Amino acid sequence: MAEMGLVDFHHSVVETEATNRGYERGLIELAERGTDIIVMDADLAGSSGTSGFRKRFPDRFLDIGLCEQDMIGTAAGLSLAGKCVFVTTHGMLAAGKAWDIIRSTICYGSLNVNICGADAGLSAGAAGGSRQSLEDVAVMRTLPGMTVIVPTDAVEARKATVAAARTPGPVYIRFAAARVPIITTNLTPFTIGQAGVYRQGDDASVLSNGVMLYEALKAARLLEDEGLGVRVINCHTVKPLDRAIVNRAAVETGALVTAEEGSTIGGLGGAVAEALAQSSRPTPIKIVGIEDRFGESGEHEQLLSHFGLTSRDIASAVREVMSRKRSPEGQDAEAATDRV
Amino acid sequence: MSPTPMELRDIAKIVRRDVLTMLLEAGSGHAGGSLSSVDILVALYWEVMRVRPDRPTWEERDRLVLSKAHAAPALYAALARRGYFDVKDLLTFRKLHTKLQGFPDMHKTPGIDASVGSPGQGLSIANGIAMAAKRDGRQHRIYCLMGDGEAHEGQVWEAGMTAAHHKLDNVCAIIDRNRMMGDGGTEDIVALSPLEDKWRTFNWHVVEIDGHNVEQLTAAFSEAASVKGQPTVVIARTVKGKGVPFMENKAEWHDRKLTEDLYEEAMKALA
């Protein structure tokens, strides 16, 4: 997949960086290019990725204090007056505490406000379940007109930030505080709403985003050794979902696994299932994520393993979903096996 | 030529009659809190705010955020009478395909400066518009009309701190202090008094007036415009259901359905 400009991490040491840092670079890039940008934070600039921006552009930075709801409402006003606004706080505070303001003020008014959920997924690590946000993608995705993006690494996070500034209507972007592998480069294409095929294969497809995309690529490599060709797709934009690429994966590979660092309810897995269940080709799906429970304290990598979010878990999911795959004759694999 | 206080009172009466007609026609909506807000809106749109009804999105216009969004009928009637759109449109309020949604939608109604609906959210929006105005060196003022029951919402006080901290003297909040909310009296449900002191300790300039007296209202708004370094809140003492005797100070008229008979009786009172 040379045209995707990916890092060949199978043959080299993989570098890591928090995607929050890519957010910071994207914000600085926007200000340097002369965008009339205002960046807001709610007393979390130290961890969310906005402190570097604050240092460079203090006049364009506004710390609202621990007032997440007021921050979103104030952002609405700034946006009404023509400013390009980015608001920043932890994912569960942005998507959770301020949800009604995002809904009734930002989305109802179709305002150009970019909401950035920092330290999202399990990346708040040691802080534990109350501070980790596993349901943010699901609750943001239900809002009319909301775009939802989960960048896979710091490089893509920068691109997503810059692209969000030019996208009409509200955007939710989810970032991680933990260091996660860098698998894309500046050459890797990125367009909101367009998924990227990062690895070809015809036996099954894994649709993923965030840090789980790295795990998905590793899983595909494991399965290659077993003779299986697994397609890996970067679904960085959960909404609007790239239905064309998802449908093609369903038709051409016949079995799908989704993998995300969040709840199995209503996130990327939910979006893909909704799309395919209503398509002309319903397809076996396995949703890899966190099963209807809160997170807990631990190191980020430990937690990914603890909650079954590793390449091995994805590989098992691929084998499982392939066992449910329909045979070319239209009979399911299980029934065919029974006859043998 | 500014209208005289007498003319403003006549306009207010017409707006009140429009509100009742809209509510009868719609079969639902909020009478009490709309009628208590009418004089405030008339003072703002006819006397105080710099607006151009023929150019609703004129950049230098003064803004109004209707945080007490359930008073939409009063705002719609005021905007129609001020010339933003046809008075006949008022009869479409709350009906399918109407430009006059139950709660204000800026994308559907000329003259609405912000879409609102969920209580307690308007002041934050007003603050954001005011911050942008200060950054851009614009002189327009931002008004935010709030209900008193809304002050139960925590976001109102977050926004109160923000406006004072950032010295948003271009923000003027108005509290329609009718002392009633949906379920009863504000002081019986969760007391707001002493409301003036609350805002004073939040570092706001506080003016308290009779919210049905247009001269006092316009004087309060001029005072607010002259205050530097501090936002102003005008606490307007009002009567819920003002102008219709059987509605006045009755909590059930927060959103009770108006019948033909009661409508006739109300219109007689406003003849």
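Keep in mind that what you see is a predicted model, and the values were worked out from it rather than measured. A note on names: the letters A, B, ... follow the listed sequences, proteins ahead of strands, and every chain is numbered from 1.
- Heavy atoms of other residues, nucleotides or ligands lying less than 6.0 angstrom from NE2 of B:H165 number 12 at most.
- For A:I38, the part lying under 4.5 angstrom from a heavy atom of chain B is the side chain only.
- The shortest distance between side-chain heavy atoms of B:S124 and A:Q69 does not fall below 4.5 Å.
- Residue contact with chain A, scored on non-hydrogen atoms closer than 4.5 Å, involves the side chain of B:Q101 exclusively.
- Heavy-atom distances place no part of B:R138 under 4.5 Å from chain A, backbone and side chain included.
- Both the backbone and the side chain of A:S110 come within less than 4.5 Å of a heavy atom of chain B.
- A heavy-atom distance below 4.5 Å is not found between the side chains of A:I64 and B:E158.
- Considering every non-hydrogen atom in both B:A132 and A:A81, the closest pair reads CB-CB, 3.3 Å.
- Contact count against chain A (heavy-atom pairs under 4.5 Å) is highest for B:A159 among B:A159, B:G154, B:A114, B:G122.
- In this structure, the side chains of A:L62 and B:H166 come closer than 4.5 Å at one or more pairs of heavy atoms.
- For chain A, the option among B:D113, B:D105, B:I142, B:L123 with the highest count of heavy-atom pairs below 4.5 Å is B:D105.
- Considering every non-hydrogen atom in both B:V116 and A:Y108, the closest pair reads O-CE2, 4.2 Å.
- When only modelled atom types and interatomic distance are considered, A:T74 and B:N127 share no side-chain donor-acceptor pair under 3.5 Å.
- The side-chain heavy atoms of A:T105 and B:I125, taken from C-beta on, include a pair separated by under 4.5 Å.
- The choice from A:E68, A:M71, A:K83 that makes the most heavy-atom pairs within less than 4.5 Å of chain B is A:K83.
- For A:I101, the parts sitting under 4.5 Å from any heavy atom of chain B are the backbone and the side chain alike.
- In this structure, B:K198 places its NZ atom where more than 12 heavy-atom neighbours from other residues, nucleotides or ligands lie under 6.0 Å away.
- The heavy-atom pair separating B:Q155 from A:G73 by the smallest distance is NE2-CA, 4.3 Å.
- Proximity to chain A (any heavy atom under 4.5 Å) is shown, for B:P119, by neither the backbone nor the side chain.
- Put simply, the side chain of A:L80 does not reach to within 4.5 Å of the side chain of B:R63, judged on heavy atoms.
- Here the side chain of B:R135 pairs a donor or acceptor atom with the backbone of A:D59 at under 3.5 angstrom.
- Considering OG of A:S104 and CZ of B:F103, their distance stands at 10.5 Å, rounded to 0.5 Å.
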